[in-house]
Participant: 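Structure provided below as structure tokens; questions to follow.
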Amino acid sequence: MKEKIIFALSLIVSVVFVFAVVSSPPGSDEKAGGITEENGVQVIRIFARNGFTPKKVTAKADMPTRLEVETKGTYDCSSVLVIPKLSYQKNLPQTGITEIEIPVQKKGSEITGLCAMGMYSFSVEFL
């Protein structure tokens with residue numbers, strides 16, 4: 001009986017470990033998201049899988065902005081992106097990049113992105 005309990009506990013620990021490795025958060029094995037500038041447009045890169053990475057971005061105000069949301073094997077609720085301030089809601093592809101044009105934002109404004117269930121979020125603050 002004792003051997004069966006030890007075997008069951010070992011199996012549970014193994015499954016939890018494998019699940020943790022397979023579903024590691026975005027950015028743990030990928031380049032970090034962030035901001036670049038292309039032809040006078042700031043490009044904000046966010047990874048969506050098991051949440052959003054990075055969770056907080058500071059961008060320049062009064063500048064054209066494009067949000068690029070990258071998915072890579074995303075099957076959880078972060079595969080649906082909601083940006084209330086922009087009245088935006090879209091099912092993201094399981095793998096790919098979704099580009100979203102953000103209107104020029106004034107200094108001090110903020111945009112928040114949420115998953116379908118509101119569990120995961122990210123924000124972009126414009127300074």
Side-chain angles (χ1 to χ4, degrees):
M1 180 69 173
K2 189 175 185 179
E3 291 83 15
K4 288 182 180 180
I5 292 172
I6 291 172
F7 176 76
L9 289 175
S10 298
L11 183 62
I12 291 169
V13 168
S14 298
V15 168
V16 168
F17 176 76
V18 168
F19 181 77
V21 169
V22 169
S23 64
S24 62
S28 63
D29 61 346
E30 302 168 6
K31 64 181 180 177
I35 300 178
T36 58
E37 193 172 318
E38 299 174 4
N39 301 320
V41 175
Q42 65 184 333
V43 179
I44 302 169
R45 176 66 65 97
I46 301 285
F47 293 99
R49 190 176 93 203
N50 297 328
F52 299 103
T53 303
K55 293 185 183 317
K56 181 88 170 164
V57 176
T58 302
K60 295 177 185 175
D62 302 313
M63 183 173 186
T65 304
R66 181 174 68 239
L67 179 65
E68 292 183 350
V69 182
E70 182 175 352
T71 52
K72 185 176 181 183
T74 305
Y75 299 97
D76 59 23
C77 66
S78 59
S79 67
V80 177
L81 177 60
V82 179
I83 305 174
K85 186 173 182 179
L86 302 179
S87 299
Y88 182 91
Q89 182 171 344
K90 184 172 182 180
N91 292 329
L92 303 173
Q94 293 172 350
T95 299
I97 296 175
T98 301
E99 296 182 353
I100 304 160
E101 298 298 324
I102 297 176
V104 173
Q105 299 293 304
K106 294 182 179 183
K107 185 176 182 175
S109 64
E110 186 172 41
I111 291 178
T112 301
L114 304 163
C115 70
M117 297 174 62
M119 291 179 14
Y120 303 122
S121 67
F122 67 88
S123 64
V124 180
E125 183 179 11
F126 293 87
L127 299 177

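In this text, all values refer to a predicted model and were calculated from it rather than measured experimentally.
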Participant: For K60, is the NZ atom crowded, meaning more than 12 foreign heavy atoms sit under 6.0 Å from it?
Facilitator: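 Counting neighbours around NZ of K60, 12 or fewer heavy atoms of other residues, nucleotides or ligands fall under 6.0 Å, so no.
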Participant: Looking at R66 and E68, is any side-chain nitrogen of the basic one under 4.0 Å from a carboxylate oxygen of the acidic one?
Facilitator: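 Answer for the salt bridge query: yes.
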Participant: Between OG of S121 and CD1 of I83, what distance do you get to the nearest 0.5 Å?
Facilitator: 12.0 Å
Participant: Hydrophobic clustering (ILVMFWY, side-chain heavy atoms < 4.5 Å, transitive) - are I100 and V80 grouped together?
Facilitator: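 Different clusters.
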Participant: Could you go through the side chain to side chain contact (heavy atoms under 4.5 Å, CB included) check for L92 and T74 one step at a time?
Facilitator: CA-CA 9 Å; L92 303 173; T74 305; over 6 Å; no
Participant: If you group Ile, Leu, Val, Met, Phe, Trp and Tyr by side-chain heavy-atom gaps below 4.5 Å, do Y88 and L67 land in one group?
Facilitator: yes
Participant: Between M119 and F52, is there shared hydrophobic-cluster membership here, with clusters defined by ILVMFWY side-chain heavy atoms closer than 4.5 Å?
Facilitator: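 Hydrophobic grouping puts M119 with F52.
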Participant: Any side-chain to backbone donor/acceptor pair from T71 onto P93? Under 3.5 Å, distance only.
Facilitator: yes
Participant: What pairs meet the side-chain hydrogen bond (donor to acceptor under 3.5 Å, both in side chains) rule with one or both residues in residues 90-104, with sequence neighbours excluded?
Facilitator: none
Participant: Can you tell me how far the OG atom of S87 sits from the NZ atom of K85, to the nearest 0.5 Å?
Facilitator: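 Separation between the atoms: 11.5 Å.
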Participant: So do F126 and I111 actually touch side chain to side chain, heavy atoms under 4.5 Å?
Facilitator: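 Of all side-chain heavy-atom pairs linking F126 with I111, at least one is under 4.5 Å.
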Participant: At their closest point, which heavy atom of G34 faces which heavy atom of P54, and how far apart are they?
Facilitator: N-CD, 4.3 Å
Participant: Which heavy atom of S78 sits nearest to which heavy atom of Y120, and what is that distance?
Facilitator: CB-CD1, 4.2 Å
Participant: Which residue is it: V124, L86, V41? I am looking for the one with a side-chain contact (heavy atoms from CB on, under 4.5 Å) to I102.
Facilitator: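 Filter result, single survivor: L86.
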Participant: Taking all heavy atoms of V82 and all of C115, pick out the closest pair and write down the distance.
Facilitator: CG2-O, 4.4 Å
Participant: Determine the sole option in L81, V57, I44, T53 for which the side-chain contact (heavy atoms from CB on, under 4.5 Å) test with F122 is passed.
Facilitator: L81
Participant: Calculate, to the nearest 0.5 Å, the distance between atoms CD1 and CD1 belonging to I35 and I46 respectively.
Facilitator: 8.5 Å
Participant: Check this for me: M117, atom CE, are more than 12 non-hydrogen atoms of other residues, nucleotides or ligands nearer than 6.0 Å?
Facilitator: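 No, not enclosed.
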Participant: Mind checking whether P84 and L114 have side chains closer than 4.5 Å, heavy atoms only?
Facilitator: yes
Participant: What residues, two or more places apart in sequence or in another chain, satisfy salt bridge (Lys or Arg N to Asp or Glu O under 4.0 Å) together with E125?
Facilitator: K56
Participant: For a 4.5 angstrom cut-off between non-hydrogen side-chain atoms, does I97 reach R45?
Facilitator: yes
